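As structure tokens, the structure follows; a few thoughts come after it.
Since we're looking at a predicted model, the values are computed, not measured.
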Amino acid sequence: MALRKRSLGVVAVITAAGLGLAACGQSSGGGEGGDAIELTIAQNAIAGGKNAAAAKHIADWVIPKFEAAQKAKGKNVTVKFVPSGVDDEQYKTKLSLDLKSGKGADVLDIDGIWAGEFAEAGYLKPLSELVGPEADNWDGWGQIPEAVQGMTEFNGKRYALPVGTDGRVLYFNKNLFAKAGLPADWQPTSWQEILDAGAKLKSSGVPVPIQINAGTAMGEATSMQGVLPLLAGAGGEVQQDGKWTGASQPLKDALGLYQKIYGGGLGDPKLQQEAKGRDKSFQQFADGKVGILMEGDYFWRGVVNPKTGVAKMADRDQVVGYAMIPAIEPGKGIRGQDFVSMSGGALRTVNPNSKHPKEAFELAAFTLSPEALKEETKDGNVRITPRSDVNKEILAGEPLLTYISEKVLPVTAYRPPVAVYPQVSVALQEATAAVAGGTAPDQAAADYQKKLEGIVGGAGNIAS
């Protein structure tokens, strides 16, 4: 499989102070012949708090099963879980300081967009260099789609294993569609067809025909569920071949769609400015006041879920339809695609400071075995795993997640894993806010490019 090249970015200098995680892979020295190996595994998860189910899975299932498997191979291996339950940025700072100072757990979870930044800083090493050929020969790679594998790569080398991923689609209310004379199996093939559907919804009395996240109040949700999928649909990427995309035609096209929605009465521009605007849009969709909404699979699993959602829809399975996000016109998306999406996801990697990198890799790989993933996703914790073989089994009763796994992931794209991306993302959010507020798309694109030059080190780093 050809590994795709990931471009270099600028590494942030982390000056914050924080407490280190447990020291790496200390040999306990208590085994026969001094062969005992102690490993540590860290996640931003903690019993009774953040990601509690993940913490329970590691402590109650992964650790005893892995220790038993190692014992069966004649190895005396013990594993300790290092919990954490803090804000993602705090977790990132803690990891950075640990890795920089030679500390940290043997097996670590990181956000996919941190990978390039950490690799560039020398905090992570390619798995093949750290572990050996076992890293590339792991049997799991054959079950992971190439687009998902790309999330683990930087400059053509793998730095981690993918823990899971997601995808973005267009959700729509079938009841509102029926009133507007639109089909229950709606699948637009161009942006114009989305606008046409919005116009019919408006004329039938729907308060908010189309909701596509805009503005800074929604933060990264504006980027991932708004401007980045549209940019991809117009044939552009925020960064390509080491250059950042400025006031390009794809960006102008994406901002132009925002103008047609929010300047044309098809969306609610005020909603984009509210501190809780995204949550409000969720509730409005659940209440039958939004016709079309662009969101990730979290919306289906965690928002309108009839049992556990924050905006429960008892009739979700009957009323909520979903469709792929079309390119501006057929064949005009990135890589010549008809449909596009954006994905995020977490990674699991081996600390270069580990005294036992081979065993640490075995532990990381064990957590992503079919048995481990099936166990982790039981009892209402179902999600899209990185493995196609597991997804086919566990998603059998989950039509939306199956749809994303089979249809969306093959055409998805990822954010550039470099240090300055969050600043670039904010500048993109500001551009969408400007257009939703009445600024012309070309002007908003030009203003974005000026900000971009200041963020990425000058015009020389921006594609002409």
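Distance alone, capped at 3.5 Å, places no donor-acceptor pair between the S128 side chain and the A135 backbone. Put simply, the side chain of D297 gets close to the backbone of G167: a donor and an acceptor are under 3.5 Å apart. Checking side-chain atoms of D338 against main-chain N and O of P330 turns up no donor-acceptor pair under 3.5 Å. Judged by distance alone, with hydrogens and angles left aside, the side-chain atoms of K243 form a donor-acceptor pair with the main-chain N or O of G460 at under 3.5 Å. Checking side-chain atoms of Q449 against main-chain N and O of A247 turns up a donor-acceptor pair under 3.5 Å. Listed for the Q272 side chain is no donor-acceptor partner under 3.5 Å among the backbone atoms of A436. D98 places no side-chain N or O within 3.5 Å of a backbone atom of K103 that could act as its donor or acceptor partner. Side-chain N or O atoms of T165 include none that pairs as donor or acceptor with a backbone N or O of G345 at under 3.5 Å. Checking side-chain atoms of D166 against main-chain N and O of G344 turns up a donor-acceptor pair under 3.5 Å. Between the side chain of T412 and the backbone N or O of L409, no donor-acceptor pair lies under 3.5 Å.
For the residue pair S425 and Q429, a side-chain donor N or O sits within less than 3.5 Å of a side-chain acceptor on the partner. Side chain to side chain, N213 and Q211 meet the donor-acceptor criterion of an N or O pair below 3.5 Å.
Shown here for T439 and A444, the closest heavy-atom pair between the two residues is CG2-N, 3.9 Å. Annotation for P209 and L266: closest pair CD-O, 3.2 Å, computed over non-hydrogen atoms. When all heavy atoms of K200 and A180 are compared, the closest pair comes out as O-CB, 3.7 Å. In terms of heavy atoms, A197 sits closest to L182 at O-CD1, 3.8 Å. G277 and M218 make their closest contact through C-CE, 3.7 Å (heavy atoms, listed as atom of the first residue, atom of the second, distance). Between D253 and A234 the shortest heavy-atom distance is CB-CB, 4.0 Å.
Heavy-atom contacts from other residues, nucleotides or ligands closer than 6.0 Å to NZ of K50 number more than 12. By the neighbour-count criterion of 12 heavy atoms within 6.0 Å, atom NZ of K280 is sparsely surrounded, having that number or fewer from other residues, nucleotides or ligands. The number of heavy-atom neighbours closer than 6.0 Å to NZ of K179, taken from other residues, nucleotides and ligands shown, is 12 or below. For K450, the NZ atom counts as loosely surrounded, since its 6.0 Å shell holds 12 or fewer non-hydrogen atoms of other residues, nucleotides or ligands.
With contacts defined as side-chain heavy-atom distances shorter than 4.5 Å, the pair T222/E430 does not qualify. In this structure, the side chains of V107 and N351 stay at 4.5 Å or more apart for every pair of heavy atoms. Within the 4.5 Å cutoff, the side chain of Y403 has heavy atoms near those of the M324 side chain. Looking only at side-chain heavy atoms (C-beta outward), K92 and D111 stay at 4.5 Å or farther from each other. A heavy-atom distance below 4.5 Å is not found between the side chains of Y322 and I404. Contact check for P229 versus M294: side-chain heavy atoms found under the 4.5 Å cut-off. Between F282 and V304 the shortest side-chain heavy-atom distance does not fall below 4.5 Å. The side-chain heavy atoms of V424 and S223, taken from C-beta on, include no pair separated by under 4.5 Å.
One finds the CD1 atom of I210 at 13.5 Å from the CZ atom of F172 (value rounded to the nearest 0.5 Å). Residue I110 holds its CD1 atom at 11.0 Å from OH of Y159, rounded to the nearest 0.5 Å. For the atom pair CG of L170 and CD of Q225, the computed distance is 11.5 Å after rounding to the nearest 0.5 Å. The CG atom of L176 sits 6.5 Å away from the CG atom of L201 when rounded to the nearest 0.5 Å. How far CE of M342 is from CG of L230: 11.0 Å, rounded to the nearest 0.5 Å. Considering OG of S96 and CD of E117, their distance stands at 6.5 Å, rounded to 0.5 Å.
Between F299 and F285, a ring centre-to-centre spacing shorter than 6.0 Å is recorded.
Partner R158 forms a side chain to side chain donor-acceptor pair (under 3.5 Å) with one of T152, D136, T349 and no other, that one being D136.
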- Is there a side-chain hydrogen bond (donor to acceptor under 3.5 Å, both in side chains) between Y414 and E153 once you walk through the steps? CA-CA 11 Å; Y414 291 87; E153 299 155 14; over 6 Å; no
### Query
When you look at N391 and I384, which way does the side-chain contact (heavy atoms from CB on, under 4.5 Å) test go after all the steps?
CA-CA 6 Å; N391 289 338; I384 299 170; 3.9 Å; yes
Report the C-alpha distance between I212 and I292 in whole Å, list the side-chain angles of each, state the deciding distance to 0.1 Å, and finish with yes or no for side-chain contact (heavy atoms from CB on, under 4.5 Å).
CA-CA 8 Å; I212 295 181; I292 300 166; over 6 Å; no
Point to revise | Worked verdict on Q283 versus K289 for side-chain contact (heavy atoms from CB on, under 4.5 Å) | key: CA-CA 9 Å; Q283 192 59 55; K289 295 175 182 173; over 6 Å; no
request  = Apply the test side-chain contact (heavy atoms from CB on, under 4.5 Å) to residues V320 and L400: give CA-CA distance (whole Å), side-chain angles for both, the deciding distance (0.1 Å), then the verdict.
outcome  = CA-CA 10 Å; V320 182; L400 178 274; over 6 Å; no
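The aromatic rings of Y171 and W300 sit parallel to each other, their planes meeting at less than 30°, with 60° as the upper class boundary. Relative orientation of the Y262 and Y258 rings is parallel, given thresholds of 30° and 60° on the angle between their planes.
A salt bridge does not link K174 with D315: none of the charged nitrogens is closer than 4.0 Å to a carboxylate oxygen. Here R301 does not pair with E398 in a salt bridge; the nearest charged N to carboxylate O distance is not below 4.0 Å.
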